[in-house]
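Take a look at the structure set out below.
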Number of protein chains: 2
Amino acid sequence: MRRRPPRDEVRRALLDAAAELFARGGIDATSLDDVARAAGFTKGAVYSNFGSKDGLVDALAEDRISAYLDLGLAAVSDVAVPLEQQARDLGDRLSAAAEEQRDWHLLFLELWQRAVRGEGSQAFRERRRDLHGAVTAAIAEHVDAAGVAAPLPAEELATVLMALSNGLAIERHADPGSVADDLLGRVLVVLMGAAPPGRPADVAREQTRGEAQSSVDQ
Amino acid sequence: MRRRPPRDEVRRALLDAAAELFARGGIDATSLDDVARAAGFTKGAVYSNFGSKDGLVDALAEDRISAYLDLGLAAVSDVAVPLEQQARDLGDRLSAAAEEQRDWHLLFLELWQRAVRGEGSQAFRERRRDLHGAVTAAIAEHVDAAGVAAPLPAEELATVLMALSNGLAIERHADPGSVADDLLGRVLVVLMGAAPPGRPADVAREQTRGEAQSSVDQ
DNA sequence: GACCTGGGATACCGATCGGTATCGAGTACT
DNA sequence: AGTACTCGATACCGATCGGTATCCCAGGTC
């Protein structure tokens, strides 16, 4: 006979299936039957674990937001690197993360929409504030340590960083070839005043473009 | 008896109602009955004018994208202004537009999602390319005219500008107080190398914050 | 090993909604 | 003015889906 899987396992499988299907097809357009079937269960398991569809969505948000945003934190937590390299690394890491998780970024935006509209959990707003504070502190520390005069205060640099990371990911979704991999890093170098003076042409150097692998989802 | 309104009028009323309701509640969650009733008609008018719900959405996208994006074009079309002022104006105008049209920006993102997922019209991708090209040209012209050495090529400046405008609007949605009105303009000044040398502190000067009119939608 | 309990399966309900067939009032054309 | 036609209104259908009541079996307990 079929062993009954532990509850945590069921929950994980449902969350993973929901993340994938919600991201691919949109939350509203994906039925709970689809999610349950993809996870190898039925709708009953969903209601037993999450109570409602909104409950599933909230749990999913809570489950994934932290992991997603912590990527950014991890990228700025390392202090032992020169500021310029730091900025480039941060940009590269954020860009790579957004690229790997194309589908997840779509889900991310949909959850953000729900939060803005007042539906669903407010985990987004809260976590965003947390991240913003942490990024601000990290930037201030790095800029101070480097002794450069950034053209913007750390708090606003953090805002710009988050907005740019997100905005560039969106642009890349719409047209994968239009955003160079290291663009975010180079912009950060300029914004943090980390570019060694006298060689602006180096920062602006044209990249080797042309690898527009436009593999649309599915 | 009731005069029958001209066809164009019916179409306009339906599109306007759809824009409002779709933006406020999401496209999927808004029924055609709701849209039609809000416009003072019935579902028959929708099907007579647009054929299907997707037809309405496509028409809405086609109708609004241009108007929305042309704001950006108008802001960069004026050449007779010094580059720094130009950048600030552009930032201010884009920020103000995003602020006025909070609801519309939500709809904008939803249409973008549909385009990325391959559903609906590809008007977004096409128009985005158009806008990107136009912005690139405008930036190149302005930077050339000003004779400054921008730290990034015009094409990438255009990408960053679009991403940042969009990303900052998203951040502002999530937390209206976290994005100063003129932030976009100041960032542009830095990125275009338009800041007069020797007074970086002016650009970074703290703004009079605190007017966070957090009027969340409805 | 009989019993209870909890969690997932199953069957079903009611509501919603996109879409369609049809009707009838205005409108344009001659 | 009469006629044909357009276009929006109305009624209705079928499918989908969230949610629920109920059942049934696996696991732990004594």
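What you see below is based on every heavy atom in this structure, not just the backbone, and it leaves out hydrogens, waters and symmetry mates.
- Scanning for side chain to side chain donor-acceptor pair (under 3.5 Å) contacts around B:D63 gives B:R12, with sequence neighbours left out.
- Note: CG (A:L14) to P (C:dG7) measures 14 Å, nearest angstrom.
- With sequence neighbours excluded, the residues forming a side-chain contact (heavy atoms from CB on, under 4.5 Å) with B:A19 are B:L60, B:R64, B:L107, listed by chain and number.
- Taking atom CZ on B:F41 and atom P on D:dT10, their separation rounds to 12 Å, with Å as the unit.
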Listed pairs, N/O of protein and of nucleotides 12-19 of chain C, under 3.5 Å:
unit_1, atom_1, unit_2, atom_2, d
C:dG18, OP1, B:K53, NZ, 2.7
C:dG18, OP2, B:L32, N, 3.0
C:dG18, N7, B:K43, NZ, 3.2
C:dG19, OP2, B:Y47, OH, 3.0
C:dG19, OP2, B:K53, N, 3.0
C:dG19, O5', B:Y47, OH, 3.4
C:dG19, N7, B:K43, NZ, 3.1
C:dG19, O6, B:K43, NZ, 2.4

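- With sequence neighbours left out, the side chain to side chain donor-acceptor pair (under 3.5 Å) criterion links B:R129 to A:D175.
- Atom CZ of B:R37 and atom P of D:dG8 are 18 Å apart (whole Å).
- Between its opening and closing five pairs, the helix from C:dG1-D:dC30 to C:dT30-D:dA1 changes axis direction by 20°, a value rounded to 10 degrees.
- Taking only side-chain nitrogens and oxygens, B:T42 never comes nearer than 4.0 Å to OP1 or OP2 of D:dG8.
- With sequence neighbours left out, A:S165 forms a side chain to side chain donor-acceptor pair (under 3.5 Å) with no residue at all.
- Note: B:I139 CD1 to B:E156 CD = 11.5 Å, rounded to the nearest 0.5 Å.
- Residues satisfying the side-chain contact (heavy atoms from CB on, under 4.5 Å) criterion with A:E62, sequence neighbours excluded, are A:A123.
- At C:dG8, one or more side-chain N or O atoms of A:R7 fall inside 4.0 Å of OP1 or OP2 (strictly under the cut-off).
- For B:R114, the side chain to side chain donor-acceptor pair (under 3.5 Å) partners are B:D28, B:D54, not counting sequence neighbours.
- Using a 4.0 Å heavy-atom criterion, one finds that B:V46 contacts no nucleic acid atom at all.
- Contact check, A:N49 against C:dG7: no side-chain N or O comes under 4.0 Å of OP1 or OP2.
- Partners of B:R11 by salt bridge (Lys or Arg N to Asp or Glu O under 4.0 Å), not counting sequence neighbours: none found.
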